[in-house]
There are 2 protein chains.
Amino acid sequence: MGLSERQQRIYEFITKFMGEKGRPPTIREIGAKVGITSTSVVNYNLNILVREGLIQREKEVSRGLRVIGANAKSMVGGASFVQIPLLGKIAAGHPIPVPDAGLAPLDGEVLSLTRDLIPDQEGLFALEVKGNSMIDALINDGDIVVMKKQETAQNGDMVAVWLKDEKETTLKRLYRERSRIRLQPMNPTMKPFYADPRNVEVQGKVVLVIRQLQKLPA
Amino acid sequence: MGLSERQQRIYEFITKFMGEKGRPPTIREIGAKVGITSTSVVNYNLNILVREGLIQREKEVSRGLRVIGANAKSMVGGASFVQIPLLGKIAAGHPIPVPDAGLAPLDGEVLSLTRDLIPDQEGLFALEVKGNSMIDALINDGDIVVMKKQETAQNGDMVAVWLKDEKETTLKRLYRERSRIRLQPMNPTMKPFYADPRNVEVQGKVVLVIRQLQKLPA
DNA sequence: TTATACCACGAACGCTTGTTCTGTGTCAAG
DNA sequence: CTTGACACAGAACAAGCGTTCGTGGTATAA
């Protein structure tokens, strides 16, 4: 990568500014930080970063920069995020809350996650785990599970199923066998559970699990 | 909350726009979307949202909006994010890679996470888990662990320790007892491991665990 | 010595974007 | 009927911001 030191500093400033301020910097803000007094020089260097595939620009739009850095974990662009409603809790003894149509961000808590973690898609919602019943899914009390609303599952999907007879929610990988359903714990040292298909109600598919071990400021 | 329908639509548009474009909308972009032809009316409604504590504004700054919505999981503001270097892998048979001073985002892969998940702080880095050896920490092969670089631990901290005699990395809660160290698995059904303090090298503290069950676009 | 590429810079301009001013309409309360 | 609050609207202006132009310096290769 043939970047000058100045270009590297510009790139680092952009990503840091974005993270702190929630908006991209202007050409003049970049210049002020890296000691370039001419907007033309900043413009020239930004065009180099575009050529190198590190940023994108939109013409004649204020703050029309966007980081797409080749070293980002994905190419989706870390500055974007999705908002996922946090609907409540998931616990063994209850069916999970599933979202109604057309939830707006004002109707309750929302979790913002970068698109590095999860792309935007329909039907996402989040639940907080209550109790130790998901341990066999390697999921702990207090973890957050992000799910996609769907009532069918492909073999191998990690799903939340409601077992009607047992009156219990469980998170396991689901496989259809000849006349029964195998619910396979994520923990490879544990044995599967077999259920009659009529007893199994798929409520959503798990797409992301998050465990925070640090208390956030209230 | 006394918002009109129009104000709610403005607020939803701002958060959605931010998530998609990676920058806040302008007053004219908001007006175009919610059908307000006058910048003065958009301005008036934005001031209501400020009064209600849903957004912040900076004067005479382009795109100087910021969502701080009372329904966000935290008040930090979901539009901001931190960038954490993804240094490599963590596996049982090797000490973990720890960051050198002053890593720049250009020097390798970076994970962007919203500050809803983790506040910005010094010494953060991420590792990808290799193998099933962290199962007792309820951590699976392929999970991402975000750690904070520190060589000391308080009782109860979830830490990565290198056991010198065993030549093994493990993730457990650490407690100092009279003459030994107790390493307690996160899985409450498992027994602790006791170690001589001289055998234990704390390499970092786990602050966040992420499990992606969905493949991201390459 | 000349040509080319890269890097740098100030200035000016055009457009984008936010703020302010003046005016109008509706509704509820007194 | 009057007053005040709220919501709306167009226009103008001020400030912010990106683009372009003309110019200059350095290094390298021919």
Side-chain angles (χ1 to χ4, degrees), chain A residues 1-18 20-68 77 79 106, chain B residues 1-18 20-68 77 79 106:
Chain A
M1 179 178 296
L3 291 192
S4 69
E5 186 195 323
R6 201 174 227 183
Q7 285 152 6
Q8 293 185 35
R9 286 173 64 217
I10 289 174
Y11 181 76
E12 288 162 22
F13 174 70
I14 294 167
T15 61
K16 192 174 165 64
F17 187 100
M18 185 72 222
E20 287 173 1
K21 302 275 197 173
R23 62 178 182 257
T26 65
I27 283 174
R28 285 172 176 81
E29 283 166 336
I30 293 168
K33 180 68 180 179
V34 302
I36 301 176
T37 55
S38 165
T39 55
S40 151
V41 175
V42 178
N43 189 60
Y44 167 80
N45 283 289
L46 290 179
N47 287 336
I48 302 293
L49 294 177
V50 171
R51 194 189 69 198
E52 295 298 312
L54 294 173
I55 64 170
Q56 276 176 343
R57 293 185 79 187
E58 275 180 68
K59 287 181 143 312
E60 295 172 6
V61 164
S62 76
R63 303 180 191 275
L65 283 187
R66 161 165 235 145
V67 175
I68 53 166
L106 281 165
Chain B
M1 176 179 300
L3 291 192
S4 68
E5 184 194 324
R6 198 171 231 185
Q7 284 153 8
Q8 293 184 37
R9 287 174 62 217
I10 288 173
Y11 181 77
E12 288 162 23
F13 173 71
I14 294 167
T15 62
K16 193 173 165 63
F17 188 99
M18 185 71 223
E20 287 172 1
K21 302 274 197 173
R23 61 177 183 259
T26 65
I27 283 174
R28 284 171 178 81
E29 284 165 338
I30 293 168
K33 180 68 181 181
V34 301
I36 301 176
T37 56
S38 165
T39 54
S40 152
V41 175
V42 178
N43 189 62
Y44 167 81
N45 284 290
L46 290 180
N47 287 335
I48 304 291
L49 295 177
V50 171
R51 194 189 69 199
E52 296 298 312
L54 293 171
I55 65 173
Q56 276 176 342
R57 295 184 80 188
E58 277 180 68
K59 289 180 141 310
E60 293 177 5
V61 163
S62 75
R63 303 179 190 274
L65 283 187
R66 163 164 233 144
V67 174
I68 55 167
L106 281 165

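Letters A, B, ... are given to chains in the order of the sequence lines, protein chains preceding strands, and every chain is numbered from 1. Since we're looking at a predicted model, the values are computed, not measured.
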Interatomic distance, [X] atom [atom1] to [Y] atom [atom2] [nearest 0.5 angstrom]:
X     : Y     : atom1 : atom2 : result
A:I48 : A:L3  : CD1   : CG    : 8.5 Å
A:I55 : A:I68 : CD1   : CD1   : 8.5 Å
B:R66 : A:R23 : CZ    : CZ    : 7.5 Å
B:L49 : B:R51 : CG    : CZ    : 9.5 Å
A:I10 : A:L46 : CD1   : CG    : 6.0 Å
A:R9  : A:E12 : CZ    : CD    : 9.0 Å

Under 3.5 Å, which donor-acceptor pairs link side chains of residues 32-44 of chain B to any protein atom two or more places apart or in another chain?
unit_1	atom_1	unit_2	atom_2	d
B:S38	OG	B:S40	N	3.2
B:N43	OD1	B:R57	NH1	2.8
B:N43	OD1	B:R57	NH2	3.1

Quiz item: Could you give the start and end, 5' to 3', of the contact zone on DNA chain D for chain A, using atoms under 4.0 Å from its heavy atoms?
Solution: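 Listed 5' to 3', the contact boundaries are D:dC17 to D:dC21.
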Quiz item: If each of A:R51 and A:V61 is mapped to the nucleotide of DNA chain C with the nearest heavy atom, which maps nearer the 5' terminus, i.e. the 5' end?
Solution: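 It is A:R51, whose closest nucleotide lies nearer the 5' terminus.
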Quiz item: Looking at side-chain heavy atoms only, is the closest gap between B:L65 and B:P25 below 4.5 Å?
Solution: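 A side-chain contact exists here, since the closest heavy-atom pair is under 4.5 Å.
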Exercise. May I ask you to list the residues of residues 24-32 of chain A, by number, that have any heavy atom positioned under 4.0 Å from an atom of DNA chain C?
Key: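 The answer is none.
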Quiz item: Residues from residues 36-45 of chain B sitting under 4.0 Å of DNA chain C, heavy atoms only?
Solution: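 By residue number: B:T39, B:S40, B:N43.
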Self-check item: Residues in side chain to side chain donor-acceptor pair (under 3.5 Å) contact with B:Q56, at least two apart in sequence or another chain
Solution: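 Once residues adjacent in sequence are excluded, B:Q56 has no partner under the side chain to side chain donor-acceptor pair (under 3.5 Å) criterion.
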Quiz item: On DNA chain D, nearest-nucleotide positions of B:S4 versus B:S62: which is more 5'?
Solution: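 By nearest-heavy-atom nucleotide position, the 5'-most residue is B:S4.
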Practice problem: Identify the heavy atoms of A:S62 and B:S62 that sit nearest to each other, and give their distance. | Solution: OG-OG, 3.4 Å
Quiz prompt | Partner set under ring-ring contact (aromatic ring centres under 6.0 Å, His included) for A:F13, not counting sequence neighbours | solution = A:F17
Quiz item: Does the pair B:R63 and A:V61 meet the rule for a side-chain contact (heavy atoms from CB on, under 4.5 Å), with working shown?
Solution: CA-CA 11 Å; B:R63 303 179 190 274; A:V61 164; 3.2 Å; yes
Practice problem: Extract, from 5' to 3' on DNA chain C, the first and final nucleotides lying under 4.0 angstrom from some heavy atom of chain A. | Solution: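 Result: C:dC6 to C:dT17.
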Quiz prompt | side chain to side chain contact (heavy atoms under 4.5 Å, CB included) partners for B:E60, two or more places apart | solution = none
